[in-house]
Amino acid sequence: MLAILFVIAPLLSVIIRVPWSDFWSSLNTTAVRQSLVISIQTSLIAALLAAVLGIPLSWWLARTNSKVSRVIRTICIAPMVLPPVVAGIALLAAFGRRGVLGEQLFNLWGISLPFTKTAVVLAQVFVSMPFLILAVEAAFRQTDEGLEDAARTLGASPTRIFFSVVIPSVRPALLAGVVLAWARSFGEFGASITFAGSFPGRTQTLPMSIYEIASYDYRQALVVSVFMMFVSVAVLAGMRESWASGRTR
Amino acid sequence: MSLSVVGHIGKGTHTIPIDVTVEAGEVLGIAGRNGVGKTTLMETIAGIVPLLSGSLSFDGVTWDDASQKVWKSPEQRRCAVVFQDLRLFPHMSVLQNVMFGLRSRGISKNEAQSTARMKLDLVSAEHLVHRKAMGLSGGEAQRVALARAIAAEPDVLLLDEPLSAIDAGSREQLRSVLADVLSAFPGVALLVSHDAKDLTSLATRTLTLG
């Protein structure tokens, strides 16, 4: 009971305090519109990248059980428990202009990642991929290897087996993993503001925009917050819906 | 064309000696009590489980021989299996299941589709084409698994208890379907069954394991 109250109270309070009369005008400002577009762009690309990179890795983690794979799993999951600001500092240390890899990137190709939209995406992938890996690896572990054997006797190549037998059998978990990674990316703040900065129209995402607005207009910050809350909860509800129907199918 | 297995098969600590040669056109029945290794023999021939020692060859080509370090993977062997637990792909339609082996070997979609329909017709399951594999009854699924195996046009057909999951009524029916399929099958066939009646009516000779 207390737990429910504890979760609901802040969420409800935002809704109560929101100045509904100027809801639309608060949302419809250049800064909010710009950062919403950036948030949508970067979080979708990040979720896609997390899937493209995370799915093969999850597959490998599910199918190997060596000391090496256990260590790698722990490392890959770590960003989930890392304070986001620390993740941002780590990304700067790696890809910053004088970073371990960033210096090479700049010297060889003149590429500088920090404080660009690419940096926003990288930060989001870094912190959100663990969510995808956790969901998808667990599903890969539960797939029926008998079906893969059957497919092999029917002459299917490993790639064909992966895409036409394995992937369809983990589809609900895959979808959940991608949605979780997207939600985490959409709400990302600490790692991206550290690594990419908060430049309106360039790297400022919606959470960064809220943070900035809150410093001078608390009421408008409430409106944008409640908007983000609705989007996130709607996506979560939609996911649960499709998950439930996927299970009964 | 003949299939020959000489050596030891098994999983873990349980091993059994084996020495058998099956000619094309023959249907070798495999009998033996539960757990003796009938299914392991099938899996060894298909390439799911390696031979513990000895040699497995088909038509003069070695498929599995540890001492010579020869190993042909299942997809190189052209063995089709009707597994005891069927293993139909649950998310695919019946037609897609039957087409799977043909499509895996690079046959065009149209050709695979018409072959698959033909094979489904052969096992009296053409009315199931658009059903999902997941919702089929035991007898229906059994027919589809048989159609999927023969559609792949294998050299070796392995049938592991192909009549066990069915009630008595449709069992007679499916047995005659199976008899027709086997008599038309040009390659080597092996049939595992615990039912003496299946073996006498379908196999040309029987090997008892254990």
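By convention in this document, chain letters (A, B, ...) are assigned in the order of the sequence lines, proteins followed by strands, and residues within each chain are numbered from 1.
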Given that the side chain runs from C-beta out, which part of B:Phe100 has a heavy atom under 4.5 Å from chain A: side chain, backbone, both or neither?
both

Residues 148-162 of chain A: residues contacting chain B (heavy atom under 4.5 Å, by number):
A:Asp149, A:Ala150, A:Ala151, A:Arg152, A:Thr153, A:Leu154, A:Gly155, A:Ala156, A:Pro158, A:Arg160

Please name the pair of heavy atoms, one in B:Phe89 and one in A:Val165, separated by the smallest distance, quoted to 0.1 Å.
CE2-CG2, 3.9 Å

Which one wins on heavy-atom pair count under 4.5 Å against chain A: B:Arg78, B:Glu43, B:Arg148, B:Met92?
B:Arg148

Proximity breakdown for B:Leu86 and chain A, heavy-atom pairs closer than 4.5 Å:
neither

Backbone N or O of A:Ser164 within a donor-acceptor pair of the B:His91 side chain at under 3.5 Å?
yes

